[in-house]
Amino acid sequence: MIKIEDYPLSRVPQDKRVSFLSVALVHMGMLTALDQFMLGAVLGNSMTLVDAFTAILIGSIIFGVVTYGLGLAGMREGISGSLLARWCGFGRLGSVLIGIVVAVSLLGWFGIQNAIFAKSLDFALGHTLGFGWAAALSGGFLTILVAFGFKALRIAARIAVPMFILLVAYISISTLSGHNLHEIMQLLPPGDPLSISAGITIVVGGAIVASLMTPDLTRYSKNSKHVLGVTIFTIVAGEFVVNGLAILIAKTLGTADVVTIMAQAAGGAGLLVVVFSTLRVNDLNLYSSSLGIVNAVEGLTGKKLKYISTTLMIGVLGTTLSVLGILDRFVDFLTILGVVFPPIIGIMLVDYYVLRSHRKILDNTRLEGKLPDETQTPIIGWVAIIASIVGSVVGLVTEWGIPTINSLVAASLIYWLFKVVVSRNQEPIEAEKAA
């Protein structure tokens, strides 16, 4: 059994590694949730069928390559993604900043999922409550749930994933049974059009946080074949099954609104499953975001924030985002994720596999079953941080190519070039000192 909170600052021993399915099922759960269905519905409502599946295919290839690369490093070293970043260019404080970026992105996901919860609640009550009040109530309820740890409701929320999968299967059969693929292909997208490059970026944006968190799981994997299998398993289930079915359903029903789809296709039962799904996903979003902020503040300042007060504060912020209409900016949110996270991952991969800056230290300490000590760990990697920011800006402002690839390649190249130049300039200086 995987416990992500175990071995937070140490390597996972070989005798604690688990089976392929144990890792694969947990990893797959990241991309078989409501947010992926929402993404597929947006693609189906804004793109032709061929363009939508082209975006999924290319986005999945990008996601697969970087996820496998990070996952393999996590398996080799037996450490989480945030720890790995310390010796992959970012240093101790730089890895803390990555944790903050992840926590902020989860805060955004909390706001979006809470908005879906609120829409379902308001719809079920015949719009008597109003979206604003519904969002405030649902966000407040979930924040208290996570802050004070009502285990009974958390256990109930865990049935959401299988319930959601069964609901998607039911809606797919009932909605698509009277239509053939050729007929669906002829349907024009009724929503605001999305280009293939924009579609690819939001596909990557919808999954990229899972990519960065992959080492947290694959550190429990036994070998590289398991990591490859986990990556492929998740892509097929999340991108092609959940996203693919959502595309077909959204095109058939002519809407990207998940609440409308569920209510139209499955009635009150559909809305109930949506509520359970958002409850489960947001339970994790708020918990992980709060934990990330607490750890980040302690790492940067040495001050220990209280978990409950931090959770309440983040819950209020996330609920406010819901009320202010973050759901209406869903595509923009995914686009930002699709250009902010790839540079971070690209730099980590370049440092670990190409430059191998700390591979010797990692290899030596791995043989001893421990991590490099503070003297072997950079305090902060300014080059990596600056390259990440520049790469993100390139992805956001350039109008040619595919934004997520632009940001990934730009950051990786800048980091590699700067490191190579600095290394070559240092060699003569070190030679002079030795002489």
Side-chain angles (χ1 to χ4, degrees), residues 4-5 30-31 33-36 38-39 81-82 85 95-119 131-132 134-149 154 157 202 204-213 216 277-301 303 305-342 344-345 388-389 392 396:
I4 297 176
E5 65 271 19
M30 293 182 179
L31 294 192
L34 184 64
D35 47 7
Q36 284 298 305
M38 291 165 58
L39 170 57
S82 58
S95 68
V96 170
L97 294 177
I98 292 175
I100 293 175
V101 173
V102 172
V104 170
S105 72
L106 293 176
L107 173 63
W109 277 117
F110 176 88
I112 287 171
Q113 298 281 359
N114 185 58
I116 292 291
F117 190 144
K119 283 192 71 173
F131 173 75
L137 286 174
S138 60
F141 164 73
L142 194 57
T143 299
I144 293 171
L145 164 68
V146 176
F148 295 99
R154 287 191 179 185
I202 68 170
V204 174
I208 201 67
V209 178
S211 181
L212 193 58
M213 295 171 70
D216 299 359
S277 296
T278 55
L279 184 68
R280 174 56 183 153
V281 174
N282 258 355
D283 181 15
L284 292 173
N285 284 340
L286 191 55
Y287 172 77
S288 298
S289 183
S290 300
L291 210 58
I293 294 297
V294 169
N295 291 338
V297 171
E298 184 179 7
L300 289 172
T301 67
K303 184 178 180 180
L305 297 178
K306 292 184 178 179
Y307 170 74
I308 291 178
S309 58
T310 304
T311 302
L312 292 173
M313 177 190 69
I314 293 175
V316 170
L317 288 174
T319 303
T320 303
L321 288 175
S322 299
V323 175
L324 293 178
I326 189 174
L327 184 60
D328 297 330
R329 314 299 300 181
F330 183 54
V331 172
D332 295 332
F333 175 69
L334 291 182
T335 300
I336 291 173
L337 294 186
V339 297
V340 168
F341 281 96
I344 294 172
I345 296 173
S388 296
I389 294 171
S392 299
L396 285 171

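What's counted below: heavy atoms across the whole structure, side chains too, no hydrogens, waters or symmetry copies. Residues take their numbers from the sequence shown, with the count starting at 1.
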Nearest heavy-atom contact between S105 and L337 is CB-CD2, 3.6 Å
Measuring from atom CZ of F117 to atom CG of L34, what distance do you get when rounded to the nearest 0.5 angstrom? 12.0 Å
Residue pair S138 / A118: nearest heavy atoms and the distance that separates them: OG-CB, 3.9 Å
Rounded to the nearest 0.5 Å, the CD1 atom of I98 sits from the CZ atom of F341 at a distance of 9.0 Å
For the residue pair G206 and L31, what are the closest heavy atoms and their distance? O-CD2, 4.3 Å
From CD1 (I293) to CD1 (I314), nearest 0.5 Å: 5.0 Å
Residue pair L317 / L321, side-chain heavy-atom distance below 4.5 Å: no
Donor-acceptor contact present, side-chain D35 to main-chain Q113, <3.5 Å: no
Can you tell if the side chain of T143 reaches within under 4.5 Å of the side chain of F110, non-hydrogen atoms only? yes
If I take atom OG from residue S392 and atom CD1 from residue I336, how far apart are they, to the nearest 0.5 angstrom? 10.5 Å
Is the shortest heavy-atom distance from the side chain of L327 to the side chain of F131 under 4.5 Å? no
Is there side-chain contact between L212 and V101, with at least one heavy-atom pair below 4.5 Å? no
Minimum-distance pair of heavy atoms, taken over all atoms of A135 and V323: CB-CG2, 3.9 Å
Where M30 and A210 come nearest, the two heavy atoms and their spacing: SD-CB, 3.5 Å
If you measure from CG on D332 to CD1 on I202, what distance do you get to the nearest 0.5 Å? 10.0 Å
Flag side-chain contact, heavy atom, 4.5 Å: I112 against M38: yes
I need the full list of side-chain hydrogen bond (donor to acceptor under 3.5 Å, both in side chains) pairs touching residues 313-326, with sequence neighbours left out, sorted by first then second residue. N114-S322
Starting at CG of L107, measure out to CG of L286 and round the result to the nearest 0.5 Å. 8.5 Å
